[in-house]
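Because the structure is predicted, anything quoted here is derived from the model rather than measured. Letters A, B, ... mirror the listed sequences (proteins, then strands); counts begin at 1.
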Number of protein chains: 2
Amino acid sequence: MNKEDMLRLDSQLCFSIYACSREVIGLYRPLLDALEITYPQYLVLLVLWEQKQSTVKELGKKLYLDSGTLTPMLKRMEANGLVNRFRSKEDERTVLVSLTEKGETLKEKAYCIPEELIAKSGLTVEETKDMLRRLQALLGQLHNLKD
Amino acid sequence: MNKEDMLRLDSQLCFSIYACSREVIGLYRPLLDALEITYPQYLVLLVLWEQKQSTVKELGKKLYLDSGTLTPMLKRMEANGLVNRFRSKEDERTVLVSLTEKGETLKEKAYCIPEELIAKSGLTVEETKDMLRRLQALLGQLHNLKD
DNA sequence: GATATTTTAATTGTGCGCAACTTAATTGCC
DNA sequence: GGCAATTAAGTTGCGCACAATTAAAATATC
């Protein structure tokens, strides 16, 4: 395979990966619009619906985002009444993030999102789980490559 | 599967898809930094290296980007001396984008990108092609879902 | 126990991504 | 030909991403 073909292959891969993630976000958008949240905000809420409270650092680790992204985003979410932010008493450096009543309640409306998307995609739950497994394997590989 | 488990599955999928595309871009970043271009600019150049000239509309179709994203990006690339932009004579609405000498030359430096990444990933060319096929199939499915 | 190092958020600045809107050219239709 | 509808870019405004820097608290080292 010559270098011209290699570059063409790279180009197709770059296009596909880029477009895929944006298509997925585009699928969620109308559903998330109904909850008046964005996709990254949905990710934060998904974490908080699981564990009620988190720190900025922990959110960053789970979502692969840094404070430069999270701080303004969490401030917007606070302004929209979804979360509370306050400094930890034990360690004044860390900021704790928790759900408000409104943020908690939003979970009820969110249950329909995976249901609608799975229905729309025509995938079975097992097929979806399999896709997840492959994605997570890929993510693990990618993460290790950075060494 | 109850709705709680469905939401958990959705959450893992959302995290994985989001993180994957950002990890990939992160892999390219150091290589693209050397060329002083960003990932989306690399995508534009990949198109122009293939066909020398394109329109904003055509670029948007290939990269799934609209003029609100492309116009300022192409202006930055023009300011960096990578591309020329000019209105078509036949149809004054359309803007043609072509490579400058500098943009053309950059291709030589870009050949090493797919080589380095394939080497780093440990994948064979065949495995990479297979991954591309699966990605393109997924992209096609996703695109059809919007109906 | 004072000082250097590390850790955690916040801030600043640049570049997308996209919705909504505007402007200007072209096409359709009568 | 004249006018409405369509099409292609551009503009505006907001929300991420992320690099680089700063500020403040905690920890390590001596």
Side-chain angles (χ1 to χ4, degrees), chain A residues 14-15 17-30 32-33 36-45 54-61 63-80 82-83 85-97 146, chain B residues 14-15 18-30 32-33 36-45 54-80 82-83 85-97 146:
Chain A
C14 287
F15 294 160
I17 290 164
Y18 208 51
C20 262
S21 82
R22 298 213 330 280
E23 287 284 333
V24 168
I25 294 173
L27 278 179
Y28 278 87
R29 198 182 313 284
L32 296 177
D33 279 351
E36 294 182 296
I37 55 176
T38 65
Y39 189 89
Q41 290 176 11
Y42 180 54
L43 298 184
V44 169
L45 290 175
S54 184
T55 64
V56 172
K57 179 185 161 68
E58 192 184 359
L59 283 172
K61 200 168 182 181
L63 308 181
Y64 296 90
L65 292 171
D66 72 358
S67 68
T69 301
L70 283 172
T71 298
M73 190 167 104
L74 291 169
K75 282 184 179 175
R76 278 188 293 274
M77 293 176 78
E78 189 180 36
N80 291 337
L82 295 172
V83 299
R85 293 177 338 117
F86 47 92
R87 297 258 165 200
S88 161
K89 284 273 157 50
E90 295 87 64
D91 186 339
E92 284 279 348
R93 289 171 305 180
T94 75
V95 168
L96 295 167
V97 183
K146 284 196 297 195
Chain B
C14 287
F15 293 160
Y18 208 51
C20 261
S21 83
R22 299 215 327 281
E23 286 284 331
V24 168
I25 294 173
L27 279 178
Y28 279 86
R29 197 181 313 286
L32 296 178
D33 279 351
E36 294 182 297
I37 54 175
T38 64
Y39 190 90
Q41 290 176 12
Y42 179 53
L43 298 184
V44 169
L45 289 176
S54 185
T55 64
V56 173
K57 179 184 164 67
E58 193 185 357
L59 283 171
K61 199 168 183 180
K62 291 199 174 183
L63 308 181
Y64 296 92
L65 292 171
D66 73 357
S67 69
T69 300
L70 283 171
T71 299
M73 189 168 105
L74 292 169
K75 280 184 178 174
R76 278 188 293 274
M77 293 177 76
E78 189 179 37
N80 291 337
L82 296 171
V83 299
R85 294 176 338 115
F86 46 92
R87 298 258 166 201
S88 160
K89 283 275 158 48
E90 296 86 62
D91 185 340
E92 284 279 347
R93 290 172 305 179
T94 75
V95 168
L96 295 166
V97 183
K146 284 195 297 194

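Checked by distance alone, B:Ser67 brings a side-chain donor or acceptor within 3.5 Å of a matching partner on the base of D:dG10.
Contacts of A:Thr69 with the nucleic acid, taken as non-hydrogen atoms under 4.0 Å apart, include base atoms. Residue contacts shown for B:Leu65 are limited to sugar-phosphate atoms, with no base heavy atom under 4.0 Å away. At the heavy-atom level, B:Lys75 lies under 4.0 Å from the strands shown only through sugar-phosphate atoms.
Residue B:Thr38 places at least one side-chain N or O closer than 4.0 Å to OP1 or OP2 of C:dC16. Using a 4.0 Å cut-off, some side-chain N or O of A:Arg29 falls inside it from OP1 or OP2 of C:dA19. In terms of phosphate contacts, B:Arg85 brings a side-chain nitrogen or oxygen within less than 4.0 Å of OP1 or OP2 of D:dG10. Residue A:Arg87 has no polar side-chain atom (N or O) positioned under 4.0 Å from OP1 or OP2 of D:dA25. One finds no side-chain N or O of A:Arg76 lying less than 4.0 angstrom from the OP1 or OP2 phosphate oxygen of D:dC14. The side chain of A:Thr55 contributes no N or O atom lying less than 4.0 Å from OP1 or OP2 of C:dT8.
Listed by chain and residue number, A:Glu58 satisfy the side chain to side chain donor-acceptor pair (under 3.5 Å) test with A:Ser54 (two or more places apart in sequence, or in another chain). The side chain to side chain donor-acceptor pair (under 3.5 Å) search around B:Arg29 returns none, not counting sequence neighbours.
For the pair B:Asn80 (side chain) and B:Leu82 (backbone), a donor-acceptor distance under 3.5 Å is absent. Between the B:Tyr39 side chain and the A:Cys14 main chain, a donor and an acceptor come within less than 3.5 Å of each other.
Atom CG in B:Asp66 sits roughly 12 Å away from atom P in D:dG10 (whole-Å rounding). When the P atom of D:dA9 is taken as reference, atom CZ of B:Phe86 falls 13 Å away, rounded to whole Å. The CG atom of B:Leu70 sits 18 Å away from the P atom of D:dT12 (whole-angstrom rounding). Across the protein-nucleic acid pair, A:Leu32 atom CG and C:dA19 atom P stand 13 Å apart, rounded to whole Å. Note: CG (B:Leu96) to C1' (D:dA8) measures 12 Å, nearest angstrom. Atoms CG (B:Leu59) and P (D:dG10) sit 11 Å apart, rounded to a whole Å. Look at CD on B:Gln41: it is 8 Å from C1' on C:dG15, rounded to the nearest Å. Straight-line distance from the OH atom of A:Tyr28 to the P atom of C:dC18: 16 Å, rounded to whole Å.
Looking at B:Leu32 and B:Gln41, their side chains never come closer than 4.5 Å, going by heavy atoms from C-beta outward. Counting heavy atoms from C-beta on, the side chains of B:Leu70 and B:Val97 never come closer than 4.5 Å.
For B:Thr71, the listed nucleotide lying nearest its side chain is D:dA9; candidates were D:dC16, C:dA9, D:dA9. Of the listed nucleotides (D:dA8, C:dC16, D:dG15), D:dA8 has the atom at the smallest distance from the side chain of B:Lys57.
Across all their heavy atoms, A:Tyr64 and B:Ala19 have their closest contact at CD1-CB, 3.4 Å.
With rounding to the nearest 0.5 angstrom, the OG1 atom of B:Thr69 is 10.5 Å from the CG atom of B:Leu63.
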Collect all protein-nucleotide pairs involving nucleotides 21-29 of chain C in which both atoms are nitrogen or oxygen and the distance is under 3.5 Å.
unit_1: C:dT26; atom_1: OP1; unit_2: B:Glu92; atom_2: N; d: 3.2

